[in-house]
Amino acid sequence: MTPEQADQILSAFFSVVDHVNTLHLTGGGEPFLHKDLDALIEVAMKYQSQFDRLMLFSNSTVPVSDKLLSVIKKYSDKIVVQLSRYNVKPDREQNTVDLLSSQGIRCKIEKYYGEDQSFGGWIDFGTWEKRNRTPENLSNIFKECSITRAMDGNWRTRDGKVHWCTRSMRGMELGYVADQPDEYVDLLDTSTSAQEKRQKFEMIANKPYLSACDQCSGDLAGTDHEVMRYPAAEQMKKS
């Protein structure tokens, strides 16, 4: 995403949504590799009165550039950096933690090695085939999923279409989940008003379940969730 694209989406979003608790600017891959991450932060901060905190993510192994460190320090009262530690390069990981902490930057550490891994390790949400669940089972999957139960929605967008969760967004992007316009808000749709978009956000939040719930293993509901969690990055180990 370019800073211009981010500004277009955030401008449209905050013309509809009054306020959010946490704005996740980036949430996949290794955001600290983005050459314009500092510019993306500056764009987000144009709307800082409308969110409580901006959360950034890193796996702790990418050196923090001077320009990125400068902009994070500039907005340190609004920014939290979530650092995932895999203990693959422990010295480099610790250096990142020490650098950010020494600059008064709030860090949230997630441990992904050994015992007691964050969230019990990585969650496998399963393949994309339909399970043909009953409406009751779908409702349980949706209601008991941590995205609904604990987060009140982990709203995601990459192209201006805001979905309740990543599973819904990514499934429709890939064509694995049938496109369901009533299950996302298209911020860039000029044919609908801000009020209509607000109403659609509320409608989605109050749905009993989403189409993607039938193509998801679920987080906790209706499944043996212990078998769905794996030690982080174990598939990277060579036999």
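All of these numbers come straight from a predicted model, not from anything done at the bench.
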Consider only side-chain heavy atoms of I, L, V, M, F, W and Y, link residues closer than 4.5 Å, and tell whether [X] and [Y] are in one cluster.
X	Y	answer
Val177	Ile204	no
Val185	Ile147	yes
Val64	Leu25	yes
Val62	Leu99	yes
Val71	Tyr47	yes

Atom [atom1] in [X], atom [atom2] in [Y]: separation rounded to 0.5 Å?
X	Y	atom1	atom2	value
Asn59	Leu33	CG	CG	8.0 Å
Ser15	Leu187	OG	CG	7.5 Å
Lys67	Ser65	NZ	OG	6.0 Å
Asn21	Met55	CG	CE	9.0 Å
Thr22	Met151	OG1	CE	8.5 Å
Asn137	Cys213	CG	SG	11.5 Å

Classify the side-chain pair [X]/[Y] by whether it contains a donor and acceptor separated by less than 3.5 Å.
X	Y	answer
Glu93	Thr61	no
Ser211	Glu183	yes
Glu144	Asn140	no
Gln94	Arg85	yes

Looking at side-chain heavy atoms only, is the closest gap between [X] and [Y] below 4.5 Å?
X	Y	answer
Ile41	Ile79	yes
Leu54	Met45	yes
Leu100	Leu69	yes
Val97	Ser101	yes
Arg131	Ser217	yes
Gln199	Gln195	yes
Tyr209	Ile141	no
Leu138	Asp214	yes

Could you tell me whether the side chain of [X] and the main chain of [Y] form a donor-acceptor pair under 3.5 Å?
X	Y	answer
His24	Arg156	no
Asp7	Pro3	no
Ser76	Ile105	no
Thr148	Asp152	no
Glu110	Ser118	no

Quick check: closest heavy atoms across [X] and [Y], and the distance to 0.1 Å?
X	Y	result
Ala44	Leu23	CB-CD2, 4.2 Å
Phe32	Leu56	CE1-CB, 4.5 Å
Pro31	Leu37	O-CD2, 3.5 Å
Glu30	Ser58	OE2-OG, 3.1 Å
Trp164	Ala205	CZ3-CA, 3.5 Å
Asp179	Met172	CA-SD, 4.1 Å

Which label fits Tyr112 and Tyr86: parallel for a plane angle under 30°, tilted from 30 to 60°, or perpendicular past 60°?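 It falls in the parallel class, under 30°.
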Could you label the plane-to-plane angle of the Phe201 and Trp155 rings as parallel, tilted or perpendicular, counting under 30° as parallel and over 60° as perpendicular? perpendicular
- Item | Stepwise side-chain contact (heavy atoms from CB on, under 4.5 Å) test for Asp52 and His19 | CA-CA 8 Å; Asp52 293 333; His19 195 87; 2.8 Å; yes
Using a strict cut-off of less than 4.0 Å between a Lys/Arg side-chain nitrogen and an Asp/Glu carboxylate oxygen, indicate whether Asp189 and Lys197 qualify as a salt bridge.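 Looking at Asp189 and Lys197, the cut-off is not met.
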Item to check | Test: Glu42 and Lys74 ion pair at under 4.0 Å | outcome: yes
- Apply side-chain contact (heavy atoms from CB on, under 4.5 Å) to the pair Met203 and Asp182, showing each step before the final yes or no. CA-CA 9 Å; Met203 180 190 72; Asp182 65 335; 4.2 Å; yes
I'd like to know whether [atom1] of [X] has more than 12 heavy-atom contacts from other residues, nucleotides or ligands below 6.0 angstrom.
X	atom1	value
Glu136	CD	no
Tyr176	OH	no
Asp66	CG	no

- Name the one of Arg170, Met169, Glu173 that satisfies side-chain contact (heavy atoms from CB on, under 4.5 Å) with His163?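 Of the listed residues Arg170, Met169, Glu173, the side-chain contact (heavy atoms from CB on, under 4.5 Å) partner of His163 is Met169.
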| request: Evaluate the side-chain contact (heavy atoms from CB on, under 4.5 Å) criterion for residues Leu40 and His34: first the C-alpha distance (whole Å), next the side-chain angles of each, then the deciding distance (0.1 Å), finally the verdict. | output: CA-CA 9 Å; Leu40 290 172; His34 197 303; 3.8 Å; yes
- prompt: When you look at Lys200 and Asp186, which way does the salt bridge (Lys or Arg N to Asp or Glu O under 4.0 Å) test go after all the steps?
  reply: CA-CA 10 Å; Lys200 198 169 187 182; Asp186 188 349; over 6 Å; no
Item to complete: Decide side-chain contact (heavy atoms from CB on, under 4.5 Å) for Gln215 and Lys130; before the verdict, give the C-alpha distance in whole Å, the side-chain angles of both, and the deciding distance to 0.1 Å.
Response: CA-CA 5 Å; Gln215 294 169 256; Lys130 291 185 177 180; 3.8 Å; yes
- request: Establish, for the pair Lys111 and Tyr113, whether the NZ or CZ atom is under 6.0 angstrom from the six-membered ring centre and no further than 45 degrees off its axis.
  value: yes
Q.
Does Lys108 qualify as a cation-pi partner of Phe57, given the criterion of NZ or CZ under 6.0 Å from the six-membered ring centre and within 45 degrees of its axis?
A. no
